[in-house]
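A, B, ... follow the sequence lines: proteins, then strands. Residue 1 opens every chain.
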Number of protein chains: 2
Amino acid sequence: MAETARHSEPRYGNRPTMKDVAARAGVGLKTVSRVVNGESGVTSDTERRVQEAIEALGFRRNDSARVLRKGRTASIGLVLEDLADPFYGPLNRAVEEVARAHGALLINGSSAEDPEREQELVLALCARRVDGLIVIPAGDDHRYLEPEIAAGVATVFVDRPAGKIDADVVRSDSFGGARDGVAHLIANGHRRIGFIGDQPRIHTAIERLRGYHAAMEDASLRVDESWVSLGTTAPDRVATAVTTLLDAPDPVTAIFSGNNRVTVTAVRTLAGRKRPTALVGFDDIELADLLGITVVSQDAAALGRTAAESLFRRLEGAGGAPDQKVLPTRLIARGSGEIPPHEG
Amino acid sequence: MAETARHSEPRYGNRPTMKDVAARAGVGLKTVSRVVNGESGVTSDTERRVQEAIEALGFRRNDSARVLRKGRTASIGLVLEDLADPFYGPLNRAVEEVARAHGALLINGSSAEDPEREQELVLALCARRVDGLIVIPAGDDHRYLEPEIAAGVATVFVDRPAGKIDADVVRSDSFGGARDGVAHLIANGHRRIGFIGDQPRIHTAIERLRGYHAAMEDASLRVDESWVSLGTTAPDRVATAVTTLLDAPDPVTAIFSGNNRVTVTAVRTLAGRKRPTALVGFDDIELADLLGITVVSQDAAALGRTAAESLFRRLEGAGGAPDQKVLPTRLIARGSGEIPPHEG
DNA sequence: TAGAGCCTGGACAACGTTGTCAGGGGAATG
DNA sequence: CATTCCCCTGACAACGTTGTCCAGGCTCTA
């Protein structure tokens with residue numbers, strides 16, 4: 001009593017340790033460890049005694065201590081932009097399944113698109129000594145990760161490449177997808193097409209904008225700079241952007257939206273207007289089939305799965321230069337993208 | 001060299017430790033600890049030297065060791081049914097925000113509605129010595145948690161109560177919500193109403209079914225047992241159930257669906273039929289406003305927030321008997337629930 | 001029956017950190 | 001100038017586990 005009274009905190013509510021189990025079973029400490037870890041070299045009789053003691057005491061191995069000793073935590077970190085965004089649900093789940101298959105737990109958190117918060121979260125995960133990291137970058141400078149990567153933390157970036165460091169990336173073909181989507185509108189007769197996308201700080205936003213410009217250029221179409229609205233994801237701003245595009249003196253006849261959140265608001269806004277306007281959105285949305293929304297779909301689950309598999313390959317020792325995997329997108333025509341242009 | 005060669009694994013890729021920092025800064029180990037933890041009692045000159053050494057070596061505190069010593073991990077576990085289910089996104093996010101406000105990390109995983117997998121996951125989290133657990137139960141027997149709870153792992157169940165143990169619960173008013181939803185259909189003239197819900201093993205499914213029966217009884221309406229379909233969430237089964245209900249000789253004129261996944265499939269199936277059929281669903285769905293789907297909405301984010309706050313209150317020492325919080329639901333009329341009955 | 005070899009079990013150190021405590025040096029005071 | 005006190009610093013043990021190594025007992029063989 002006196003010897004533990006020195007410590008101020010109660011410590012895990014006084015859980016039994018291997019020492020306690022050993023005492024109760026009348027065996028040595030290491031024998032308990034062997035039983036718990038299923039190692040060989042324990043008589044079945046001894047094993048039974050140990051098991052009984054474990055049962056009786058409600059012992060559960062302390063993985064913190066184990067981790068400290070072994071140097072591997074069997075956990076990986078996932079930093080995404082917003083856990084509540086439906087786009088990341090399947091991605092999250094896919095990563096989890098791969099982690100589970102490798103016996104690892106998943107620690108995750110949202111950066112809320114804030115580079116500072118991303119760094120804070122990533123470093124907290126590194127302090128926990130996660131074996132690996134999957135990061136959907138919010139910031140554009142990841143040099144703060146250099147010491148971590150050097151120290152052996154496997155890192156894979158998803159959706160967007162890392163900033164200012166060379167690392168594995170798994171992403172969708174934003175450029176090609178946007179180009180295809182806009183080309184689809186052009187094929188349906190549109191000549192004046194608006195683009196509403198995310199902040200240009202974000203790599204995917206730039207790529208999609210590039211795709212937009214490429215498609216327009218391929219068709220020798222002029223782009224009026226007033227047609228492009230960037231940094232626009234908040235619902236009110238998207239609504240304003242849509243209205244502005246359509247109420248201009250020489251309005252666009254179609255809109256390409258740069259991500260799922262923009263699409264949702266755009267659909268709502270368009271629904272409130274008299275005349276139907278063509279729309280193609282990047283990212284699929286649940287129930288988009290019923291609403292007839294034409295989208296450029298990216299496979300979020302495949303992104304997560306691919307990234308997690310790359311990560312574990314690295315953890316298993318795969319070397320080689322950082323590689324970049326680009327997954328294809330798929331245009332799904334459902335009606336909104338096939339609406340013909342109306343005369344202004 | 002010879003003394004470390006005994007160990008087989010490279011150990012965190014040889015990261016610097018406080019000892020290394022101390023040696024480089026020419027100070028004692030404990031002084032480094034003090035600086036890292038921002039404790040008082042260090043000259044600013046000494047602190048600067050230590051900071052420089054930390055910077056130069058790329059030192060990052062090993063939280064595993066810290067956890068072992070301190071007995072608190074500053075992490076909580078969240079076990080939900082499916083990370084990919086859009087219903088859990090906002091819940092997940094809300095829990096994360098509360099955890100973040102308390103300086104804790106979130107470890108999470110999916111039970112996939114499998115009780116065994118739930119237990120496996122929960123116990124893995126306990127082995128990590130998470131400070132607390134938030135569990136959306138898949139199983140109906142949680143006695144396996146008794147030693148953990150006794151050992152001080154704060155536990156809050158969400159969405160459904162724990163099985164065979166007494167613990168804190170935060171859930172929506174499934175009974176009342178379903179009753180209101182069905183009553184709404186009755187108020188719109190329906191007399192024959194179908195119910196499609198989840199497995200009766202799941203508490204919310206039973207409650208919602210009870211609500212359905214209560215509303216029917218309140219209106220003195222007979223319920224034909226063929227109108228009730230349970231254990232039906234897989235898309236093909238839901239589609240079959242809907243079709244069966246509507247193609248019966250004496251068909252129902254309205255359907256109440258027991259959760260978001262059922263609703264989605266039901267909407268799809270109904271969309272493929274000639275005649276519109278009234279529908280009210282439990283759980284809101286993104287874009288349901290545009291589709292005009294009347295729902296009984298529960299606030300997933302509030303569930304998560306409330307649960308996490310209860311958890312941290314317990315962690316901060318709040319005692320008292322386990323309590324049950326029931327959050328209200330809200331009927332949102334959008335059209336599908338106001339379709340009048342058609343004559344069979 | 002004695003020796004060799006194998007199998008089981010336990011003592012011990014180490015993982016990297018933090019709590020405790022004691023010592024040393026400087027400033028303030030008589 | 002001596003003494004007291006306080007502040008800063010560092011040595012040390014402990015957290016609970018696992019890797020290493022050694023001892024003792026057993027079996028098997030010559």
Next item on the list: Grab the CE-P distance between A:Met18 and C:dA13 for me, whole Å please.
Entry: 19 Å
Note to self: Run the side-chain hydrogen bond (donor to acceptor under 3.5 Å, both in side chains) test against B:Gln324 and tell me which residues pass, sequence neighbours left out.
What the structure shows: B:Arg171
Next item on the list: State whether the number of non-hydrogen atoms from other residues, nucleotides or ligands found under 6.0 Å of B:Glu116 atom CD is greater than 12.
Entry: no
Next item on the list: Pull out every residue in residues 36-46 of chain B that has a heavy atom closer than 4.0 Å to any atom of DNA chain D, ordered by number, or say none.
Entry: B:Gly41, B:Val42, B:Thr43, B:Thr46
Next item on the list: Mind checking ring-ring contact (aromatic ring centres under 6.0 Å, His included) for A:Tyr88 and listing every partner two or more places apart, or none if nothing turns up?
Entry: none
Next item on the list: Give me the residues of residues 21-29 of chain B where at least one heavy atom lies under 4.0 Å from an atom of DNA chain C, by number, or none.
Entry: B:Leu29
Margin query: So B:Ser33, base contact, sugar-phosphate only, or nothing? Heavy-atom distance under 4.0 Å.
Written below: base
Note to self: So, does A:Lys70 get its side chain near the phosphate of D:dG19, meaning an N or O under 4.0 Å from OP1 or OP2?
What the structure shows: yes
Item checked: B:Glu55 CD: over 12 foreign heavy atoms closer than 6.0 Å -> no
Check: Starting at CZ of A:Arg66 and ending at C1' of D:dT18, how long is that distance when rounded to a whole Å?
Finding: 8 Å
Margin query: In this structure, how many angstroms lie between the C1' atom of D:dT17 and the CG atom of A:Asp20, rounded?
Written below: 13 Å
Next item on the list: Flag the pair B:Asp63 and A:Arg129 as a salt bridge only when some basic side-chain nitrogen lies within less than 4.0 angstrom of an acidic carboxylate oxygen.
Entry: no
Checklist line | Nearest-nucleotide pick for B:Thr31, side chain only, options being C:dT18, D:dT9, D:dG16 | finding: D:dT9
Notebook entry, point to check: Do B:Arg34 and D:dG10 share a donor-acceptor pair, side chain to base, under 3.5 Å?
Noted result: yes
Item checked: Under-3.5 Å donor-acceptor pair between B:Lys30 side chain and C:dG19 base -> yes
Check: Using 4.0 Å as the upper bound for N to carboxylate O, is an ion pair formed by B:Glu96 and B:Arg93?
Finding: yes
Margin query: Which residue is it: B:Gln119, B:Glu148, B:Glu118? I am looking for the one with a side-chain hydrogen bond (donor to acceptor under 3.5 Å, both in side chains) to B:His142.
Written below: B:Glu118
Check: Does any donor-acceptor pair link the side chain of B:Arg69 with the base of C:dT18 at a separation under 3.5 Å?
Finding: yes
Next item on the list: Let me know the distance between CG of B:Asp63 and C1' of D:dC15, rounded to the nearest Å.
Entry: 15 Å
Next item on the list: Work out how much the helix from C:dT1-D:dA30 to C:dG30-D:dC1 bends between its end axes, five pairs an end, to the nearest 10 degrees.
Entry: 50°
Margin query: For A:Lys164, is there an ion pair with A:Asp140 - N to carboxylate O distance below 4.0 angstrom?
Written below: no
Checklist line | Side-chain ion pair, B:Arg24 and B:Asp20, N-O less than 4.0 Å | finding: no
Note to self: Between B:Glu309 and B:Arg305, does any NZ, NE, NH1 or NH2 come within less than 4.0 Å of an OD or OE carboxylate oxygen?
What the structure shows: no
Item checked: Nearest-angstrom distance from the residue atom NZ of A:Lys19 to P of D:dT18 -> 16 Å
Margin query: Using the ring-ring contact (aromatic ring centres under 6.0 Å, His included) criterion, which residues pair with A:His203? Sequence neighbours excluded.
Written below: none
